[in-house]
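Below: the structure, in structure tokens.
For the single chain, residues carry numbers from 1 onward in sequence order.
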Amino acid sequence: MATTEVERRRGQLAALSIAAVVIVVGVPLWWRTTETYRAWLPVAQIRQLAKLQLQLSADVELVFARGTVTPEQQKKLPLTQTQEKEHVVNEETTLRYRYETRYRTATIMEEDALNKPTPAEADLSLHTLSESPCGSLVLYVIPESSSLLPENVNVYIGQRRTALIRIGTLTGVGKSLEQLLSHLEPRVNQVLQVMSFSHADIKAALSDRVRFKPSSQESIADSMRAFKSSPGFEITFSLLNPDPKSHQLHWDIEGAVQTYIQPFLTKLSSVANFSIDSQTLYYAVLGVNPRFNSSRSAFILNADSLAHVINPVEARLGSNAASSNPVLNFLLYVPDAHHSPLYIQDHRKQEVPSNAFHSPRWGGIMVYNVNRFYGPEAEFPVDVNINMAEVMGVFLAQLRLLLGVQSSPPLHGVLVAPCGSAGLADWELDRLMWSRCVENIATATTTITSLSQLLDQIGNIVINDNIAEQVSSAVNSLQLAVAELQAGNLRVALELSKEAILASEKGFFDPSLLHLLYFPDDQKFAIYIPLFLPMCVPILLSLLKIASEARQRRREKQAKKD
């Protein structure tokens with residue numbers, strides 16, 4: 001009996017030891033080695049950024065020329081004046097606009113510049129005196145007696161960040177400074193709506209975050225025309241020659257790009273990177289047959305058939321698989337001799353002056369008739385030198401629209417200077433930078449918020465240190481971009497917003513975040529139960545038996561005491 005008791009004691013100790021090793025060592029070790037690694041993410045900061053609170057600040061300098069203010073009014077000029085507006089887009093998005101206006105009188109050198117014979121010369125002279133920072137404006141108020149502006153023009157908007165405003169007759173003796181400034185306020189606001197950010201542009205930049213109901217078909221087309229913000233774009237110029245037996249076409253595309261396109265892209269280098277290539281496609285025809293118009297003795301492409309032109313041609317263009325950047329296609333189509341001349345008609349049956357059309361977020365096509373370069377007695381093939389100035393003028397206008405450079409609508413009494421050789425005014429670049437900066441911030445914020453929600457909902461996805469680093473970098477860049485935007489540092493804010501959107505997309509599209517790479521919890525248990533159950537059943541039964549024997553001994557002792 002003693003030997004049997006010792007053996008039973010030894011069995012109980014062995015069972016308890018195995019159970020202790022399994023519970024104290026085995027279970028924690030298994031839990032540690034099979035747990036999902038999830039690096040720390042700044043969730044609290046992401047939640048703060050999800051409620052987008054943006055403030056756009058711009059510095060405006062109002063300069064009064066000689067003859068616009070009296071000495072008494074000049075003494076009372078306020079140094080600065082702040083104008084703020086707030087627009088609540090929805091419960092998670094609020095926009096604030098802040099204009100800080102400084103008042104002063106013109107210097108002697110500025111007075112000399114304002115005495116130039118033309119406003120363009122005055123604009124250039126004022127620019128050489130001092131270059132305004134990106135995003136700021138300088139408005140010069142000139143007297144009504146000045147001959148600098150034409151008779152029916154009250155506002156002149158130059159190529160730089162300056163504008164000329166003609167003042168009325170409120171500068172006489174007895175008129176207060178408040179009356180003068182209130183008289184100027186509508187024209188100043190008119191200039192700001194053209195040269196600086198407007199609520200319509202900023203609201204359009206939030207189209208991916210906030211759904212707006214377009215007010216008209218034109219507004220729908222405007223919102224869909226331009227490409228979305230991207231760190232880079234690929235531009236392809238293609239010459240389509242469907243009839244090489246009749247036409248030997250020569251185009252100096254390299255020289256034309258350097259002359260007409262490259263200055264425009266150089267000015268846009270702060271917004272995105274651009275790469276350009278060109279190609280010539282032979283026997284490439286349109287997808288529709290043009291209709292012959294006997295009254296015009298020409299072939300006509302109606303506006304309704306233009307949508308069917310792109311797909312057959314696009315199949316010949318090839319794809320740029322080496323880059324993930326959007327591609328802008330510009331096609332120069334030369335009709336064959338049997339379908340010349342070829343003209344494009346709009347919905348009103350009027351010929352399009354440029355003989356070209358563009359497709360939203362795709363590119364543009366121009367029809368270039370060459371039959372005027374040779375007569376009926378010409379011998380084929382005919383050598384034709386394409387007028388690249390005419391072609392690039394059309395492509396540059398289409399490129400402006402596709403990149404989101406909106407031309408200002410014609411306003412009564414407002415004269416807007418031509419863009420110049422660069423094809424882009426400084427204030428137009430600022431307007432585009434405002435929109436792109438807000439769009440980048442909104443897109444990066446949405447991406448980071450979506451990633452945070454995804455990782456919170458699916459707890460078994462591994463969060464690597466690389467992903468955590470990209471998310472933290474995006475959050476830091478977003479916070480700095482919002483702060484710089486509020487301070488009015490437009491160029492710095494744009495660069496930070498570009499860094500934020502790149503980091504957020506790298507984190508969101510990381511291959512390690514693929515949900516199919518990880519097993520759900522029920523599948524994990526299905527894998528581990530057949531492995532651990534045969535080992536755990538004997539241990540569990542031994543523990544139950546030891547507990548039962550302990551209770552039996554306790555009852556026996558209690559009975560003896562009774």
Is it true that a side-chain atom of [X] and a backbone atom of [Y] form a donor plus acceptor pair closer than 3.5 Å?
{"X": "E111", "Y": "R66", "result": "yes"}
{"X": "N355", "Y": "M366", "result": "no"}
{"X": "S198", "Y": "V194", "result": "no"}
{"X": "T128", "Y": "S125", "result": "yes"}
{"X": "D123", "Y": "Q159", "result": "yes"}
{"X": "S477", "Y": "A474", "result": "no"}
{"X": "Q345", "Y": "A303", "result": "no"}
{"X": "Q398", "Y": "F357", "result": "yes"}
{"X": "T68", "Y": "A65", "result": "yes"}
{"X": "S57", "Y": "Q486", "result": "yes"}

How far apart are the C-alpha atoms of L451 and L41, what are their side-chain angles, what is the distance that settles it, and do they pass the side-chain contact (heavy atoms from CB on, under 4.5 Å) test?
CA-CA 11 Å; L451 178 60; L41 296 179; 5.9 Å; no

What is the minimum heavy-atom distance between [X] and [Y], and which atoms define it?
{"X": "R161", "Y": "W427", "result": "CG-N, 4.5 Å"}
{"X": "S270", "Y": "L494", "result": "O-CD2, 3.4 Å"}
{"X": "S196", "Y": "A58", "result": "OG-CB, 4.2 Å"}
{"X": "F264", "Y": "V405", "result": "CZ-CG2, 4.5 Å"}
{"X": "G507", "Y": "I467", "result": "O-CG2, 4.2 Å"}
{"X": "P117", "Y": "E121", "result": "CG-OE1, 2.8 Å"}

Got a salt bridge between [X] and [Y], using NZ or NE/NH1/NH2 to carboxylate O under 4.0 Å?
{"X": "R102", "Y": "D59", "value": "no"}
{"X": "E495", "Y": "K498", "value": "yes"}
{"X": "D426", "Y": "K267", "value": "yes"}
{"X": "E144", "Y": "R166", "value": "no"}

What's the verdict on side-chain contact (heavy atoms from CB on, under 4.5 Å) for R187 and V191, showing C-alpha distance, side-chain angles and the deciding distance?
CA-CA 6 Å; R187 293 184 183 177; V191 173; 5.6 Å; no

Over 60° means perpendicular and under 30° means parallel, so classify the ring planes of H199 and H87, tilted if in between.
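Plane angle under 30°, so parallel.
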
Give me the ring orientation class for F330 and F237: parallel if the planes are under 30° apart, tilted from 30 to 60°, perpendicular past 60°.
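The rings of F330 and F237 lie parallel, inter-plane angle below 30°.
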
Is the centre of the Y99 ring less than 6.0 Å from the centre of the F197 ring?
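Centroid separation for Y99 and F197: below 6.0 Å.
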
Do L424 and R400 have side-chain heavy atoms sitting under 4.5 Å apart?
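SC-SC contact between L424 and R400 confirmed.
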
R47 CZ: over 12 foreign heavy atoms closer than 6.0 Å
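At most 12 heavy atoms, drawn from other residues, nucleotides or ligands, come within 6.0 Å of this atom.
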
Would you indicate whether E91, at its atom CD, is surrounded by more than 12 heavy atoms from other residues, nucleotides or ligands within a distance under 6.0 Å?
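Counting other residues, nucleotides and ligands, CD of E91 stays at 12 neighbours or fewer.
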
One pair to check against side-chain contact (heavy atoms from CB on, under 4.5 Å): L114 and L126. What are the steps and the verdict?
CA-CA 8 Å; L114 293 174; L126 293 171; 4.0 Å; yes

Check the pair R436 / E439 against salt bridge (Lys or Arg N to Asp or Glu O under 4.0 Å), numbers first and verdict last.
CA-CA 5 Å; R436 292 305 192 197; E439 183 180 353; 3.0 Å; yes

